[in-house]
Amino acid sequence: MTLAAMALVLAAWAFLALALIGVGGLVARLLGSPWDTKLSTLFWVGFCAVLLTAQLAHLALPIDWRLLLAVFLAGAAGLLLCGQGLFRRVAGEIRAHPALSAAVAIGAIWLSNRALGPPENGDSAIYHLQAVRWASSFPVVPGIANLCPFLGVNHSFFLFAAMLEVGPFANGSQHLANGILALAFLSRGLAAAGALAMRRGTGWADVASLVLLPPAVDLALGRDVMSPTADLSELALGAVLVSEWIRHLERRRQDSVSAGWPMLALIAVTAFTLKLSSAGAVAAVLLWGTGGILRRGPRRGALFVTAAVMCVALVPWAILSVVRSGYLPYYGALVSFPVDWRLPSEIERAITGYTVSFSRLTLESSADGAGWLRHWASELLLSNRKVVLPLAIAALGFALSLFARIRRWPGASLTWAVVVPALGGIVFWLLTAPDERYAGAWLWGLAASSASLAASAVGPVRLPRLTLLLVATMGIVAAYPLLGTPPLRAHPGLVPPPQPPLESFTTQSGLVLNVPLGGECSASPLPCTTCPDPRLSLRGPDELGSGFRLELGEGPDRRPPAAIEGCLRRKR
């Protein structure tokens, strides 16, 4: 059963990867980029295009097999249009680098085994699985945050997972969605390692991709591979944004900015729709990149395409956010809308306040003002390998870069602008929710940016002497977490999520809710909630898709304290 299930997952990944690469090829041509863009980049561009299409579709339709069919048809068109060149390149890469191809194949087999397991991310049991089920069953549901506050979050990744809820993966898309993204991220790092080890004259972006190999391995080892959480996709796409930003700066030195900028803007705005924690990096990239284009003279075509990409991405995202909760954005509302399904402001503030306190490690302490900073730094920065290691690599890279510039080594130097995405992401992270899980790719992105900066400062004369050392060092760092990890696990096929025991809860309007006795809805039938409110009612007669609202009457604008407090404690 284990081998058959692994073969099923691998086949699904292969077809989906080809479709995404084909879609990426079409989009790259539409945006004015040449087809000879790296295959891994085309995969991620296709992924971004699918997410933005799903956002548009979800305004009126459930995300189901129809979108998946459209993706496969578009992917087939892209492969037919440029397929001969694509397959020739793939075959050439396999013949030229059999060891690297074998490493990617082994990684795929290993990941397919890990993807068979049940969801292990705690938040997946609370609301991720439910969010995917709602997306595949109905168009965007007004006021779904009233059913469960966590269902109001607007992560576009849930739509990607919902699209895969077909055939043998019905109610089991978690076995596909994050696994293929982890494999694409891991393959990108392995390809960069192979290119640098064989000294094929690759660009500085490959140095960044190599340094990003350790977090790719961490993701593959983590619990998110078999869980429908947006964290993995946010980190992986953020890492792609960092390396593609460096590639953009290389093009700018060659005065070919407009060729790749719209595609970079597409990756950036899609990263924002995955999770709000990418906002700082995305804003920094768009502002700095647009300013650089303007400084080099009028490039109306590139700027027009960028504006169009932003509208296609952000307008549907904003509408979906308001429909789900009545706020923009949610969490951390800046604007509320006077719609009948708006989540009560007291609940929204409680959710936002909880996230900030949890991130600053002040839930159990009395730290206020800036007093939380010392406790946070000692607990997070000084004892967490995933934080200390990338910061140490970043410090070493910046020191080497400064030394090379002081000694005036004749390197083809990149500018300090390489740190723009990572620095923007880190600043936003520190100001909003500075927990390690919300850091995304930005700590490792800073390490990758500093390494690229140092490599360019060292220059092509000295770099070959250090290349093998760099590859070996990052290989050891990446492989270290694999020690003691069992290569394969025995699974009885595709392991489904646990089914918790349920009890019925009837609201004052007569709506019957499913409430899990253990505090986790997991894959329970709709409508399920971990924090039932007696004031909840449907907006339409006997139709879940019509949405939910709270009948507040003349009472205070707040949920009973015990209900919301219990809901937050279970998420914690």
Side-chain angles (χ1 to χ4, degrees), residues 13 17 20 38-41 43-44 47 100-115 121 157 177-197 202 205-227 229-247 267 271 274-275 278 281 385-387 389-390 393-394 421-422 425 436-437 439-452 470-483 485 487:
W13 283 350
L20 292 179
K38 287 179 175 291
L39 292 180
S40 62
T41 303
F43 172 92
W44 289 104
F47 172 69
L100 175 61
S101 302
V104 173
I106 292 171
I109 294 171
W110 174 59
L111 275 172
S112 69
N113 178 262
R114 289 189 53 77
N121 186 298
F157 171 79
N178 267 330
I180 190 173
L181 303 182
L183 178 59
F185 186 21
L186 184 64
S187 300
R188 190 180 179 93
L190 290 174
L196 291 170
T202 55
D206 287 314
V207 176
S209 296
L210 171 65
V211 175
L212 290 165
L213 183 58
V217 173
D218 282 338
L219 281 183
L221 281 169
R223 61 186 183 177
D224 291 347
V225 169
M226 66 288 286
S227 303
T229 171
D231 293 347
L232 188 151
S233 59
E234 182 212 14
L235 196 157
L237 192 61
V240 173
L241 176 62
V242 168
S243 58
E244 289 301 316
W245 171 253
I246 295 171
R247 206 179 308 279
I267 294 173
L274 283 171
K275 287 194 75 174
S278 296
R385 177 183 66 87
K386 294 182 180 180
V387 175
L389 185 57
I393 294 173
E436 182 264 329
R437 64 177 293 193
W442 314 126
L443 294 175
W444 275 105
L446 187 66
S449 301
S450 71
S452 297
L470 177 63
V471 172
T473 301
M474 297 314 301
I476 293 171
V477 172
Y480 176 76
L482 294 171
L483 297 178
T485 302

Leu241/Trp442 under side chain to side chain contact (heavy atoms under 4.5 Å, CB included): CA gap, chis, key distance, verdict: CA-CA 10 Å; Leu241 176 62; Trp442 314 126; 4.1 Å; yes
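A 4.5 Å side-chain heavy-atom check between Trp44 and Glu244 finds every atom pair outside the cut-off. Counting heavy atoms from C-beta outward, Trp110 and Leu221 have side chains that approach closer than 4.5 Å. Within the 4.5 Å cutoff, no side-chain heavy atoms of Phe157 are placed close to those of Asp231. Leu186 places a side-chain heavy atom less than 4.5 Å from the side chain of Val217. For the pair Met474 and Ile393, the minimum side-chain heavy-atom distance is below 4.5 Å. For the pair Phe43/Val240, no side-chain contact is recorded, criterion being any heavy-atom separation below 4.5 Å from C-beta on.
What you find for Ala448 and Ala208 is that their closest heavy atoms are CB-O, 3.6 Å. The two atoms that bring Pro215 and Phe185 nearest to each other are C-CE2, 4.2 Å, heavy atoms only. Taking every heavy atom of both residues into account, Pro421 and Val242 meet most closely at CB-CG2, 4.4 Å.
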Show every donor-acceptor pair shorter than 3.5 Å between a side-chain atom in residues 232-239 and any protein atom, with sequence neighbours excluded, or say none if there are none.
unit_1 : atom_1 : unit_2 : atom_2 : d
Ser233 : OG     : Ala230 : O      : 2.9
Glu234 : OE2    : Ser277 : OG     : 2.4
Glu234 : OE2    : Ser278 : OG     : 3.2

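Atom-to-atom distance recorded for Ile180:CD1 and Ser112:OG is 12.0 Å, nearest 0.5 angstrom. In this structure, Leu183 CG and Trp13 CH2 are separated by 6.0 Å, a value rounded to the nearest 0.5 Å. The distance from the CZ atom of Arg188 to the CG atom of Leu212 is 9.0 Å, given to the nearest 0.5 Å. For the atom pair Leu111 CG and Ser187 OG, the distance stands at 8.5 Å (nearest 0.5 Å). Rounding to the nearest 0.5 Å gives a distance of 12.0 Å between OG of Ser243 and CG of Leu210.
In terms of modelled atom types and a separation under 3.5 Å, the side chain of Asn178 and the main chain of Thr229 share a donor-acceptor contact. Checking side-chain atoms of Arg114 against main-chain N and O of Met226 turns up no donor-acceptor pair under 3.5 Å.
Residues forming a side chain to side chain contact (heavy atoms under 4.5 Å, CB included) with Ala205 (at least two apart in sequence, or on another chain): Ile246, Arg247, Glu250.
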